[in-house]
S.K.: 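Questions regarding the structure given below will be posed in turn.
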Amino acid sequence: MTSALDTGHPEAWRRVSAETERDASAALSVTGERDASAALSMTDGRDASAALSVTDGRDASAALSMTDGRDASAALSMTGERDASAALSMTGRGTGWVHGLLVVLLCALAAAPLLKPGYFWGAHDARHDVYFIFEYLRGIQGGDWLARWSPDFSWGYGYPFFLIYGPFTSFLGALLVGFLDFGYTQAVEALFAAAIVASGLAMYGYVRSWLGRNAGLVAAVAYVFLPYRLVEIYVRASLAEYVALMWLPLILWSVRAAFQSTRPTPHSPLPIPHSQFSILPLIATALTYAGLMITSNLVALIFTPLLALYCLLLLLNRIDEEQPLRRLSRESFFPLIANALRISAAPLLGLLLGLLLSAFFWIPALSEGALVNQDQWYGGYYDPELHFVYPHQLLEPGWGFGISQPGPDDVQQGALSFQLGVAPLVLAALALLGLAALPAGRRRELLLLLGWLVLAIFLMLPISAWAWRHVGFVSFAQFPWRWLMIAALPLAVLAGSAALLGGPLSRSLYPTAALGSPGRGLRQPEAPANNGLNLSTLLLALLLILGSYPALRAEVIDPTAQQGPVSFAALMRFQQSSNEMTGAPQWVDLSQRPLWSDMAELYVQADAPPLAPDASKAEIDAAIARQAAAVTSKVDYRLMPQNETLAVWSQELGAAHERLWVHAGAPGQEIVFNIAWFPGWRAYLLDGETGPIVAELPVTREDGPLARVVVSVPEGEHTILLRFEDTPVRTVGKAVSAIGLLALLGLLLMAVWVKRNA
């Protein structure tokens, strides 16, 4: 065998392809790298593919490392994707960690303004982020790890904010504050910083998996430094939305891996053909999709239809590999359906499992969310047709920190920027010029992402008014410019694909890495030059950073004297001055309810002495404890006679419960609580102060503009417990999530078993 290879005779490779895997591998292993390279260089792609398919990754890598980029690319382009991946995993081995480290270091630059002392109180949702964490921690401290009720919003009347708002970021922030001793503002900044780096790594992993490491590095930097992504942090401070966008490339990566995992392999430990690690992409799909659902239901609703289109394209690509669509006939129709079901099984099961895992949130949100008053979020300033983006604004370089303004002059009025970014747009346009050089399947993926980008831009412009009026999922974004968050992902991927362009700057920084020849158009993603770090990749990444550098700034200011640092009193003042955090159930008449409350007044009176803007965490914690002690009950004592007819004394007040001693000297007495009624409030008669439940008492809704909780009490002296509990719908959601969790654990055990028996 060796002598035949030494001569470079083509017949030698025909014999290699006909022999067993053991013999072929042995033949290559005894052939010098120079000879192996010579043999590969003079074989056609078909024979090279046959040779590569029977060698293990080590031998294939050895051969590839000595071939020039043209021959390696030709050989790889003829092999199956599984074989190509095996060879690629060895190409540039030892430099892969460099790409990952660079992603972390370069993306971390976007978090630099967070290191400045102080906090960006003037950002749109900066104070919201703080008080979402504040309220969720209140629930945890009350023993409710899955908090639904926010007791201090709406001036202390409360409403079920976390029933309709993804709790993930608030939960994480509450853990940082409550258990790791972070300050409230520090927790927000830490979550933003972590999400910045995680977004870069997520995009890098996704793009690397099908376009190579260099494209992944550039796409990661683009995704983090796109202007709107910086707007989300330093202008809007929209923590939940920013973290939600971290999940998008992870979902696409997982789904893509799940489609690839359906390739049948021999020697399976299960009775059906499958890939050895096919269970892991399924699990990753479930976890990432569930993560998105509990982080931002708004982003999930907008993203899911686009995800469905992406899955359809991946399905067609996979079918075309195994059963070319151009050769379809009437006889192949039923095999086609069976093939489609097999190929789509893993990704569809993964998405379904993600829905099960997150059911504890989305089932109640879907069924009970309509019971929260929606009027405050629509009409007036919130009319989407007042906030369309005009074409010139997509390129306008100005930068402001104000809220969106009607008309085409937002930046001139100091409002936020809607620019896409000149640098990523130019890179995306350049990359599109060479798409024809890519394999058909990957070219179709990039074209779909291009369509995704065009759709997002269209829905921001005034010409999309009809869609905003008649297409449901479009209006979920609330403001047309919010579609910038959807445009960010495809634009980053397209900009990253510019790293596949050949050129004189594509010189490796590592002398052992193979270089692809700077041909026309885009290099094949499998070319070693796309996985060994080169100067052109670094320059592209730096170009993207420099293009967004003027926007890399935060307005770090002290809290206003009226609002002060974080506390109950500051929350009340913020609600009064901004009319934020003032949601209510649908039965509350927003036009008649007062803009203050007895609870709010007590909190403010307890704010003495007022906290300084630069108060320490210890001072803030002490002020919060002092103010909390000022409000001992939610009972409306103005309606309580406090005599032999009816007397009430509060024994314990928590975030979502209150225990009372009650004396009712006559039948038919009622206690009115300064709590907005919502399904889930229940009252019980206890046996003694802390004894078991004896009976349930009627809870009704007040017939008035505040629609407060009213409890009817029987005659006599009693201990009564009022608390917010799960409704049947919430219980079903939890049960479904428990089933999903058991299924997830079962799949993890199966993955371990498959790996051990493979």
S.K.: Measuring from S170:OG to I140:CD1, what's the distance to the nearest 0.5 Å?
M.R.: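 Answer for the OG-CD1 pair, S170 versus I140, is 9.5 Å.
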S.K.: Do E232 and L245 have side chains that approach each other closer than 4.5 Å (heavy atoms only, starting at C-beta)?
M.R.: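 SC-SC contact between E232 and L245 confirmed.
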S.K.: Side chain of E670, backbone of S712: donor and acceptor closer than 3.5 Å?
M.R.: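 No, because the side chain of E670 does not come within donor-acceptor range (under 3.5 Å) of the backbone of S712.
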S.K.: Show your working on side-chain contact (heavy atoms from CB on, under 4.5 Å) between F568 and D152 and close with a plain yes or no.
M.R.: CA-CA 8 Å; F568 288 99; D152 306 302; 3.5 Å; yes
S.K.: Test your reading of the model: is there a side-chain donor-acceptor pair from Q605 to the backbone of L602, 3.5 Å cut-off?
M.R.: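 Here the side-chain-to-backbone pair does not exist.
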S.K.: Determine yes or no for a side-chain-to-main-chain donor-acceptor pair under 3.5 angstrom, with E715 supplying the side chain and Q669 the backbone.
M.R.: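 Not a single qualifying donor-acceptor pair exists.
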S.K.: Look up atom OG1 in T731 and atom CG in D726, then write down how far apart they are to the nearest 0.5 Å.
M.R.: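 Nearest 0.5 Å value for the OG1-CG distance: 4.5 Å.
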S.K.: Quick one about Q563 and R573 (side-chain donor to acceptor, distance below 3.5 Å, no hydrogens or angles considered), yes or no?
M.R.: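 Not at all, the side chains of R573 and Q563 share no donor-acceptor pair under 3.5 Å.
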S.K.: Taking C-beta and beyond as the side chain, do V188 and Y184 meet within less than 4.5 Å on heavy atoms?
M.R.: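 A side-chain contact is absent here, since even the closest heavy-atom pair is not under 4.5 Å.
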S.K.: Should we count CH2 of W661 as having more than 12 external heavy atoms under 6.0 Å?
M.R.: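 Yes, CH2 of W661 has more than 12 neighbouring heavy atoms, counting only those of other groups under 6.0 Å.
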S.K.: Under the criterion side-chain contact (heavy atoms from CB on, under 4.5 Å), I'd like the reasoning laid out for T719 against L660: C-alpha separation, chi angles, the key distance, then a yes or no.
M.R.: CA-CA 6 Å; T719 300; L660 305 166; over 6 Å; no
S.K.: Do H663 and E644 pair up side chain to side chain, a donor and an acceptor below 3.5 Å, judged on atom types alone?
M.R.: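 Absent: no donor and acceptor within the cut-off.
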S.K.: In this structure, is the centre-to-centre distance between the rings of Y165 and F132 below 6.0 Å?
M.R.: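 So the answer is yes for these two rings.
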S.K.: Show the nearest heavy-atom pair for residues F361 and P364, with the distance to one decimal.
M.R.: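 Looking at all heavy atoms of both residues, the closest pair is O-CD, 3.3 Å.
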S.K.: Which residue is it: W483, W481, F476? I am looking for the one with a ring pair (Phe, Tyr, Trp, His ring centres under 6.0 Å) to F479.
M.R.: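 That would be W481.
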S.K.: Within the 3.5 Å criterion, strictly below it, is a donor on T304 or Y289 matched to an acceptor on the partner's side chain?
M.R.: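 Judged by distance alone, the side chains do pair up.
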S.K.: Any chance you could measure Q586, atom CD, to Y159, atom OH, to the nearest 0.5 Å?
M.R.: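 Between Q586 CD and Y159 OH, I get 14.5 Å after rounding to 0.5 Å.
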S.K.: Do you know the tightest heavy-atom contact between A174 and I133?
M.R.: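 So the two residues come closest at N-CG2, 3.6 Å.
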S.K.: Using only heavy-atom distances, determine whether the side chains of S154 and R593 contain a donor-acceptor pair under 3.5 Å.
M.R.: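 There is such a pair (donor and acceptor under 3.5 Å, judged by atom type) between the side chains of S154 and R593.
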S.K.: Using 0.5 Å steps for rounding, measure from the CH2 atom of W149 to the CZ atom of R138.
M.R.: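 Nearest 0.5 Å value for the CH2-CZ distance: 12.5 Å.
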S.K.: Taking the side chain from E702 and the backbone from R708, do they hold a donor-acceptor pair closer than 3.5 Å?
M.R.: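 It does hold such a pair.
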S.K.: With a 4.5 Å cut-off on side-chain heavy atoms, are S404 and D410 touching?
M.R.: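 The answer is yes; the side chains approach within 4.5 Å.
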S.K.: Do I251 and F303 have side chains that approach each other closer than 4.5 Å (heavy atoms only, starting at C-beta)?
M.R.: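 SC-SC contact between I251 and F303 confirmed.
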S.K.: Using only atom types and a distance under 3.5 Å, with no angle test, would you say the side chain of S358 pairs donor to acceptor with the backbone of M293?
M.R.: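 Pair absent, no side-chain N/O of S358 close to backbone of M293.
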S.K.: Check whether S737 reaches the backbone of A359 with its side chain - one donor and one acceptor, N or O, closer than 3.5 Å.
M.R.: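 Pair found, side chain donor or acceptor close to backbone of A359.
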S.K.: What are the two closest heavy atoms between A554 and Y234, and how far apart are they?
M.R.: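 What the structure gives for the nearest pair is CB-CD2, 3.5 Å.
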S.K.: Are any side-chain N or O atoms of N674 and backbone N or O atoms of D598, one a donor and one an acceptor, separated by less than 3.5 Å?
M.R.: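 Not a single qualifying donor-acceptor pair exists.
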S.K.: How long is the span from the CD1 atom in I196 to the CD1 atom in I233, to the nearest 0.5 Å?
M.R.: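 Result: 3.5 Å between the selected atoms.
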S.K.: Establish, yes or no, whether the cationic atom of R229 lies under 6.0 Å from the six-membered ring centre of Y242 and within 45° of the ring axis.
M.R.: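 Yes, R229 sits over the ring of Y242.
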S.K.: Hey, is R236 close enough to E241 for a salt bridge, meaning N to O under 4.0 Å?
M.R.: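 Yes.
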S.K.: Between Y136 and W145 (side chain of the first, backbone of the second, donor and acceptor by atom type, cut-off under 3.5 Å), is there such a pair?
M.R.: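 A pair under 3.5 Å: yes.
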S.K.: Taking all non-hydrogen atoms of both residues into account, name the closest pair between G183 and V177 and its distance.
M.R.: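 Shortest heavy-atom contact: O-CG2, 3.9 Å.
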S.K.: Is the backbone of L722 close enough, under 3.5 Å, to the side chain of R682 for a donor and an acceptor to pair up by distance?
M.R.: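 Pair absent, no side-chain N/O of R682 close to backbone of L722.
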S.K.: Any non-hydrogen side-chain atom of R701 less than 4.5 Å from a side-chain atom of W587?
M.R.: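 In contact.
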S.K.: Only distances under 3.5 Å count here; give the side-chain donor-acceptor pairs of residues 609-623 to other protein atoms, sequence neighbours excluded, each with its distance to 0.1 Å.
M.R.:
from, atom 1, to, atom 2, distance (Å)
S616, OG, E619, N, 3.3
S616, OG, E619, OE1, 3.4
K617, NZ, D181, OD1, 3.0
K617, NZ, D621, OD2, 2.8
E619, OE1, S616, N, 2.9

S.K.: With side chain to side chain donor-acceptor pair (under 3.5 Å) as the criterion, how do E652 and H657 come out once you've worked through the C-alpha distance, each side chain's angles and the decisive distance to 0.1 Å?
M.R.: CA-CA 8 Å; E652 182 180 77; H657 80 277; 2.8 Å; yes
S.K.: Please step through salt bridge (charged side-chain N to carboxylate O under 4.0 Å, His left out) for the pair E725 and R730, ending with a clear verdict.
M.R.: CA-CA 9 Å; E725 298 181 350; R730 296 169 211 161; over 6 Å; no
S.K.: With ring centroids as reference points, do Y131 and F153 lie under 6.0 angstrom apart?
M.R.: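 No, the ring centres sit 6.0 Å or more apart.
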S.K.: Does any non-hydrogen side-chain atom of V713 lie less than 4.5 Å from one of I720?
M.R.: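 The answer is yes, as the side chains (C-beta and beyond) meet within the 4.5 Å cut-off.
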S.K.: For a side-chain contact (heavy atoms from CB on, under 4.5 Å) check, start with the C-alpha distance between I294 and F360, then their side-chain angles and the critical distance, and finish with the verdict.
M.R.: CA-CA 9 Å; I294 64 175; F360 71 89; 3.7 Å; yes
S.K.: Rounded to the nearest 0.5 Å, what separates atom CZ in F678 from atom CG in L371?
M.R.: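 It comes to 4.5 Å.
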S.K.: State, yes or no, whether a side-chain contact exists between V299 and L248 at a heavy-atom distance under 4.5 Å.
M.R.: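 With C-beta onward as the side chain, the pair touches.
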S.K.: Would E658 and R723 pass as an ion pair if we require N to O under 4.0 Å?
M.R.: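 No, this pair does not count.
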S.K.: Pair T727, E368 - check side chain to side chain donor-acceptor pair (under 3.5 Å), show working.
M.R.: CA-CA 10 Å; T727 59; E368 297 181 333; 2.8 Å; yes
S.K.: Does some side-chain heavy atom of E135 sit less than 4.5 Å from a side-chain heavy atom of P151?
M.R.: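 Answer yes - side chains close enough.
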S.K.: Return each pair, listed once, that meets salt bridge (Lys or Arg N to Asp or Glu O under 4.0 Å) where at least one residue sits in residues 351-362; pairs must be two or more places apart or across chains.
M.R.: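 Qualifying pairs: none.
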S.K.: Restricting to non-hydrogen atoms, name the atom on P594 and the atom on Y157 that form the minimum distance, rounded to 0.1 Å.
M.R.: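 Heavy-atom minimum between the residues: CG-OH, 4.4 Å.
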S.K.: Does atom CG of N643 have more than 12 heavy-atom neighbours, drawn from other residues, nucleotides or ligands, at distances under 6.0 Å?
M.R.: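 Yes, because the 6.0 Å sphere around CG of N643 holds more than 12 heavy atoms from other groups.
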S.K.: Would you say Q627's side chain and D607's backbone share a donor-acceptor pair under 3.5 angstrom?
M.R.: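 Not at all, since once roles are kept as given, no pair shorter than 3.5 Å links the two residues.
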S.K.: side-chain contact (heavy atoms from CB on, under 4.5 Å) between L230 and V235: does it pass, once the steps are laid out?
M.R.: CA-CA 8 Å; L230 299 178; V235 178; over 6 Å; no
S.K.: Sort out for me which residue in F574, W121, Y119 forms a side-chain contact (heavy atoms from CB on, under 4.5 Å) with P559.
M.R.: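 So the option named by the test is W121.
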S.K.: If we count only N and O atoms by modelled type, under 3.5 Å, do the side chains of T295 and W247 hold a donor and an acceptor together?
M.R.: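 There is such a pair (donor and acceptor under 3.5 Å, judged by atom type) between the side chains of T295 and W247.
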S.K.: How close do V711 and A683 get, counting heavy atoms only, and between which atoms?
M.R.: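 Closest approach of V711 to A683, heavy atoms only: CG1-CB, 3.8 Å.
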S.K.: Aromatic contact between H387 and Y381, with the criterion being ring centroids under 6.0 Å apart: yes or no?
M.R.: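 Yes; Y381 has its ring centre under 6.0 Å from that of H387.
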